[in-house]
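Report on one structure; see the data block that follows.
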Amino acid sequence: MAIYSPMEPVVPLQSSEPITAPGTGIANLPNQRHKIVAKNGANFTLMVCGESGLGKTTFVNTLFTTTIKEPKNLNRRHVKPPSKTVQIQITRAELEEKMFKVKLTIIDTPGFGDYVNNKHGWIPIVDFIDDQHENYMRQEQQPCRKGVIDMRVHVCLYFIKPAGNTLSPLDVEVMKRLGSRVNLIPVIAKADTLTPSDLAKFKQNILNVIAAQNIQCYSSPIESDDEATTKRNMNIMAAMPFSIIGSTLDVVTPDGRKVKGREYSWGVAEVENDDHCDFKKLRSLLIRTHMLDLITTTEEIHYENYRQIQMETRKFGDPRAEKDENAKFAEEEEKLRKNFTEKVKAEEARFRQWEQQLLAERDRLHKELEIQSERIKELQFEIESYYTQRDSPRTVRK
């Protein structure tokens, strides 16, 4: 579907110089490249990951100022029971602005973090990212590469629950796995539920955990020839992890302005107010200033790392080793192995004890047999003595 997004206008390059212009015309190469890119458009894949109820769908719709994902109807009962595993939902849309089209793909992960035991909840997410690299690599190895389907994830927004003082163990584990595979950007959801002081402290605690756990997060290029661009990039990266407020509703502020935000008894939390949240900085990072860098980083770093590892560890045409899938059952397998070993040891101990009892009983019987044998010998000696005395001639008296 074609969706028209009222984002900032894209300023096209100047038209190519006339043929009679001086010079060789090398300066027209950017104009030619602009025409090709404008004609073909671009693909951009965004993944949102986090627990249910953190406003991922609302944020996506607020980010692109249109309804891309339909919000869930919480009043409707489930027709069928929810799945017990993390699912992957794919939503596709086409954005057009100033005659430039972007084929947008939104990857959602419903069910993540919603269960009592979330130890292996990250496996479907990681497998999906690796599968997209694998599919693209296999398409590149084909003789004909026309119509290549590129579903590689360019950026993953990890939504952090605004509760507690720092990241949870699940957050740390998942962010470690994602940071090495995709451009990871941590996001603090529902920033309007925290006071400014608590939010600043929460951000610092998250940064401390990220540094201590060596979690790889996306870092945009800061240095630029333009001083204003460098300052803007520094301002954007200083806000990480980004605190956001998502809302598609128009509310009226006390001073009469109509803005996107949430209305409370104490006032209005504005989505596009830098004093309230970092939504504008995150939108600028994702769309207006660093979308190309996110795409390039995915292609030149994350995909190349995956391709290099796969090419070094397997032969051409061999399937990928499903290590993560086996890891899902590693704990259960370890428990079964441990239980089996304990049972074998218990049986061995029981047989050893039985053997000792048998040996002890054998020794007792042998000892008793020896005693009886000695007794028999004594009886035989007594009998022989008795018969000898009886048969011997009696002494005659003189």
Side-chain angles (χ1 to χ4, degrees), residues 45-54 56-57 60 69 80-91 105-138 149-161 167-187 189 209-210 213-218 298 301-314 318-339:
T45 302
L46 169 68
M47 173 180 281
V48 288
C49 181
E51 299 181 17
S52 299
L54 295 182
K56 300 187 294 294
T57 300
V60 170
K69 286 181 60 64
K80 60 180 180 179
S83 175
K84 295 183 179 180
T85 58
V86 180
Q87 299 176 344
I88 300 295
Q89 289 186 354
I90 301 176
T91 304
T105 304
I106 304 296
I107 311 297
D108 196 1
T109 57
F112 173 78
D114 295 346
Y115 308 101
V116 176
N117 185 5
N118 297 293
K119 192 170 184 180
H120 300 297
W122 47 267
I123 291 181
I125 302 173
V126 171
D127 283 347
F128 178 83
I129 296 175
D130 289 344
D131 288 343
Q132 306 317 308
H133 290 319
E134 177 71 17
N135 294 337
Y136 189 83
M137 186 179 70
R138 286 192 172 276
I149 300 175
D150 187 3
M151 284 280 292
R152 292 174 295 179
V153 180
H154 298 124
V155 61
C156 176
L157 300 181
Y158 187 82
F159 283 68
I160 303 171
K161 191 175 182 179
L167 295 175
S168 66
L170 176 63
D171 295 333
V172 174
E173 181 68 21
V174 177
M175 291 175 69
K176 277 185 176 181
R177 305 279 179 173
L178 294 177
S180 60
R181 290 173 166 85
V182 70
N183 294 318
L184 177 65
I185 298 179
V187 171
V209 173
I210 289 175
Q213 296 293 333
N214 196 22
I215 299 175
Q216 301 179 23
C217 295
Y218 172 71
T298 300
I301 297 180
H302 297 293
Y303 170 70
E304 285 300 321
N305 289 340
Y306 176 85
R307 190 186 66 84
Q308 181 179 358
I309 293 174
Q310 296 301 318
M311 297 294 285
E312 290 178 351
T313 57
R314 74 187 196 192
D318 288 350
R320 184 185 63 186
E322 300 293 341
K323 294 182 180 180
D324 291 338
E325 187 67 23
N326 295 334
K328 182 177 181 179
F329 305 100
E331 184 178 357
E332 183 178 356
E333 183 181 357
E334 184 63 25
K335 288 182 179 179
L336 292 175
R337 184 183 292 108
K338 185 177 180 181
N339 189 20

Specify the closest pair of heavy atoms between [X] and [Y], including all atoms of both residues, with the distance to one decimal.
| X | Y | value |
| --- | --- | --- |
| His154 | Val182 | C-CG2, 4.3 Å |
| Tyr158 | Leu184 | CB-CD1, 3.8 Å |
| Gln213 | Val172 | CG-CG1, 3.7 Å |
| Glu51 | Lys161 | OE1-CD, 3.8 Å |
| Phe159 | Leu54 | O-CD1, 3.7 Å |
| Ile125 | Cys49 | CD1-SG, 3.5 Å |

Problem - Any residue meeting ring pair (Phe, Tyr, Trp, His ring centres under 6.0 Å) with His133, in chain and number order, not counting sequence neighbours - result: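 Checked His133 against ring pair (Phe, Tyr, Trp, His ring centres under 6.0 Å); matches are Tyr303, Tyr306.
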Enter the distance from [X]:[atom1] to [Y]:[atom2] here, rounded to the nearest 0.5 Å.
| X | Y | atom1 | atom2 | value |
| --- | --- | --- | --- | --- |
| Ile106 | Lys56 | CD1 | NZ | 12.5 Å |
| Ile90 | Asp108 | CD1 | CG | 11.0 Å |
| Ile185 | Leu157 | CD1 | CG | 5.5 Å |
| Leu178 | Trp122 | CG | CH2 | 10.0 Å |
| Cys156 | Tyr218 | SG | OH | 14.5 Å |
| Asp150 | Thr45 | CG | OG1 | 6.5 Å |

Does [X] reach the side chain of [Y], with side-chain heavy atoms less than 4.5 Å apart?
| X | Y | result |
| --- | --- | --- |
| Pro186 | Cys217 | yes |
| Ile149 | Tyr136 | no |
| Ile88 | Ile107 | yes |
| Phe128 | Met151 | yes |
| Val60 | Val48 | yes |

Exercise for the section: Quick one: do Leu167 and Ile160 satisfy side chain to side chain contact (heavy atoms under 4.5 Å, CB included)? Show the steps, please. Expected result: CA-CA 8 Å; Leu167 295 175; Ile160 303 171; 3.6 Å; yes
Problem - Test item: Asp171 side-chain N/O and Ser168 main-chain N/O as donor-acceptor pair under 3.5 Å - result: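 Yes.
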Practice task
Check Arg307, Arg152, Arg181, Arg177 against Asp130 for a salt bridge (charged side-chain N to carboxylate O under 4.0 Å, His left out) and give me the one that passes.
Solution key: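 The salt bridge (charged side-chain N to carboxylate O under 4.0 Å, His left out) with Asp130 is passed solely by Arg181 among Arg307, Arg152, Arg181, Arg177.
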Practice task
Start with the C-alpha distance between Lys176 and Glu173, add both sets of side-chain angles, then the distance that settles salt bridge (Lys or Arg N to Asp or Glu O under 4.0 Å), and finish with yes or no.
Solution key: CA-CA 5 Å; Lys176 277 185 176 181; Glu173 181 68 21; 5.8 Å; no
Exercise for the section: Tell me, please, which residues at least two apart from Thr298 pass side-chain hydrogen bond (donor to acceptor under 3.5 Å, both in side chains). Expected result: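 With sequence neighbours excluded, Thr298 shows a side-chain hydrogen bond (donor to acceptor under 3.5 Å, both in side chains) to Asn183, given in chain and number order.
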